[in-house]
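All ligand and atom numbering here is 1-based and tracks the order in the structure. Here, residue 1 is the first one in the sequence, and each next residue gets the next number.
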Amino acid sequence: ATTLDGPAAGTFPDGFMFGAATAAYQVEGAAREDGRGPSIWDTFSHTPGKVAGGDTGDVACDHYHRLEADLDLMAQLGLDSYRFSIAWPRIQPTGRGEVNQAGLDFYRRLADGLRQRGIRPLATLYHWDLPQSLQDAGGWGVRETAHAFADYAGIVGGALGDRIDAWTTLNEPWCSAFLGHGSGVHAPGVTDAVTALRAAHHLNLGHGLALQALRGSVPSGAEYSVSLNLHVVHPDRPDVAEDLDAVRRIDALGNRIFTGPMFAGAYPEDLLSDTAPLTDWSFVHDGDLADIHQPLETIGINYYSTSRVRQWDGTGQNNHSTGHNLSSASPWPGADSVQFLPQPAPHTAMGWNIEPSGLYELIMRMHRENPDKSLLITENGSAFDDTVTTADGQRRVHDPERTDYLRRHLEVVLQTIAEGADVRGYYAWSLLDNFEWAYGYSKRFGLVHVDYDTLERTPKDSGLWYAQVARARSLA
Ligand code: GBH
């Protein structure tokens with residue numbers, strides 16, 4: 001038996017990376033500059049009613065123009081690594097063909113600025129900003145998008161592979177497939193169960209083809225990963241078979257639909273039979289699974305909270321999911337019999353429950369199932385209603401809840417390492433307060449506060465604490 005109680009004494013292993021993460025559309029701004037084409041998130045955020053407050057990523061944190069200052073901020077926080085994403089529409093404005101040199105130059109300056117400061121770049125190729133032209137041709141609902149993604153991966157690998165040696169293909173394909181095409185709360189805002197399943201497969205295919213393209217264009221020795229938002233799902237009544245079956249269904253649709261093909265070369269049988277009333281999966285072509293199941297060094301785990309499910313008794317409202325009740329459509333195709341229950345407090349400002357033991361479960365599961373792969377916590381963090389106070393001319397953000405959240409999850413990471421899990425690093429989500437997708441700027445996840453009127457950055461107390469941990473390499 002393990003215990004999560006008490007201070008986890010001990011020090012992080014040599015080489016363990018303390019990092020912070022962002023994504024292009026959430027921080028960059030400069031949406032129409034230097035040849036960047038429109039993405040599905042430009043279209044979606046400019047569609048009335050889709051994003052809280054009518055917010056868009058047009059300016060965001062203006063990181064595109066404030067690159068040097070933000071790099072200095074990262075150095076000030078003592079980061080060992082920075083996880084960012086590359087905006088496909090900056091590299092290929094229409095998603096195909098012609099390459100926009102100014103886009104590549106921006107990420108070259110970013111990578112070089114990081115390396116000059118001793119910060120290792122970790123580049124994600126796709127964090128949800130599909131070029132709009134590709135959406136117009138069917139988006140992730142069609143397999144051509146997977147091939148276009150591989151072409152893009154080869155271009156970026158060839159241009160930046162001499163200075164970036166850690167690559168992630170996709171961020172959270174579950175969100176792209178099922179929030180983008182199931183519940184429709186994310187771009188492109190489609191609500192169609194079969195399109196969502198097709199999208200999941202084409203994202204898997206894109207992952208595998210992109211890996212092949214990267215290995216062909218990046219010098220050898222680089223490390224490759226995919227970042228998954230794996231779901232930690234518990235049964236409401238652990239002794240009731242129907243509730244255990246609800247867990248199994250959500251595990252299939254939320255987790256094994258990606259880990260199956262990517263890490264084991266097959267879709268789970270139960271997933272295929274659960275969804276048989278919707279589709280015969282004939283969009284999976286001969287050879288696809290071999291293309292998807294490529295060697296991979298690292299699994300990136302994005303973790304925020306846990307879910308509790310039971311069999312729906314057909315009365316009242318079926319909430320479909322715990323964290324995304326912005327839509328009446330479900331992100332879980334074929335799982336209408338599953339009900340998501342509210343989780344007990346404490347919650348973050350997102351309404352997500354705080355449960356560090358979920359991270360423990362996830363790390364140990366991935367370690368057990370994939371003993372040959374290393375692990376990175378590529379996202380973990382919390383939103384709270386932060387405010388800036390000024391005393392003696394000193395701006396300050398007092399956010400003890402966030403420090404506590406980070407500390408408790410880092411304790412779990414230490415514990416899993418002590419138990420043999422090969423966790424190589426941890427990336428706080430996020431470096432900066434930023435555009436929180438359907439919630440716009442109303443939710444703040446940053447280690448650093450951003451004033452959206454002046455764009456001034458203020459390290460929060462939690463950010464200063466994190467810098468200390470990164471320096472001491474211990475939580476003591
Ligand atoms: C990540 O998404 C994103 O990678 C990042 O861009 C984003 O800003 C950050 O987290 C904070 O949201 O109720 O079944 O949907 C996280 C998305 C949030 C999806 C939790 C799953 C709960 C399960 N995940 N959510 S469910």
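Under the 3.5 Å distance criterion, the side-chain polar atoms of Asn380 are matched with a main-chain donor or acceptor of Tyr303. When atom types are taken as modelled, the side chain of Asn370 and the backbone of Met366 share a donor-acceptor pair closer than 3.5 angstrom. With hydrogens and angles disregarded, a donor-acceptor distance shorter than 3.5 Å links the side chain of Asp243 to the backbone of Gln311.
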* Leu77/Phe18 under side chain to side chain contact (heavy atoms under 4.5 Å, CB included): CA gap, chis, key distance, verdict -> CA-CA 10 Å; Leu77 292 180; Phe18 288 93; over 6 Å; no
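The contact set between ligand 1 and Glu172, taken as ligand atoms under 4.0 Å from a residue heavy atom, comprises 1 (C), 2 (O), 3 (C), 4 (O), 16 (C), 17 (C). Residue Trp437 has at least one heavy-atom neighbour below 4.0 Å for each of these atoms of ligand 1: 5 (C), 6 (O), 7 (C), 8 (O). Close approach to Asn171 involves these atoms of ligand 1, each under 4.0 Å from a residue heavy atom: 4 (O). Every atom of ligand 1 with a heavy atom of Trp352 under 4.0 Å away is listed here by number and element: 12 (O), 18 (C), 20 (C). Applying the 4.0 Å criterion to heavy atoms of Phe445 picks out, from ligand 1, the atoms 11 (C), 12 (O). Short contacts between ligand 1 and His127, defined as distances under 4.0 Å to a heavy atom of the residue, involve ligand atoms 3 (C), 4 (O), 5 (C), 6 (O). Here is the list of ligand 1 atoms found below 4.0 Å of a heavy atom in Asn229: 19 (C), 21 (C).
Heavy atoms of Trp332 found under 4.0 angstrom from ligand 1 belong exclusively to the side chain. Counting heavy atoms under 4.0 Å from ligand 1, residue Met350 does not touch it at all.
Residue Lys443 places no heavy atom under 4.0 Å from ligand 1. Taking a 4.0 Å cut-off on heavy atoms, Trp174 registers as neighbouring ligand 1. Contact annotation: Cys175 has at least one heavy atom less than 4.0 Å from an atom of ligand 1.
In this structure His201 satisfies the ring-ring contact (aromatic ring centres under 6.0 Å, His included) test together with Tyr267, Phe283, sequence neighbours excluded. Tyr126 is linked by a ring-ring contact (aromatic ring centres under 6.0 Å, His included) to Trp140, counting only residues two or more places apart in sequence or in another chain.
Other residues, nucleotides and ligands contribute at most 12 non-hydrogen atoms within 6.0 Å of the CG atom of Asp385.
Considering backbone and side-chain N/O atoms, Gln26 comes within less than 3.5 Å of an N/O atom of ligand 1. Residue-to-ligand polar distances keep Ser307 apart from ligand 1: every N/O pair is separated by 3.5 Å or more.
Proximity of the aromatic rings of Trp128 and His186 is defined here by a centroid distance below 6.0 angstrom, and this criterion is met.
Cation-pi geometry between Arg90 and Tyr64 is met: under 6.0 angstrom from the ring centre, within 45 degrees of the axis.
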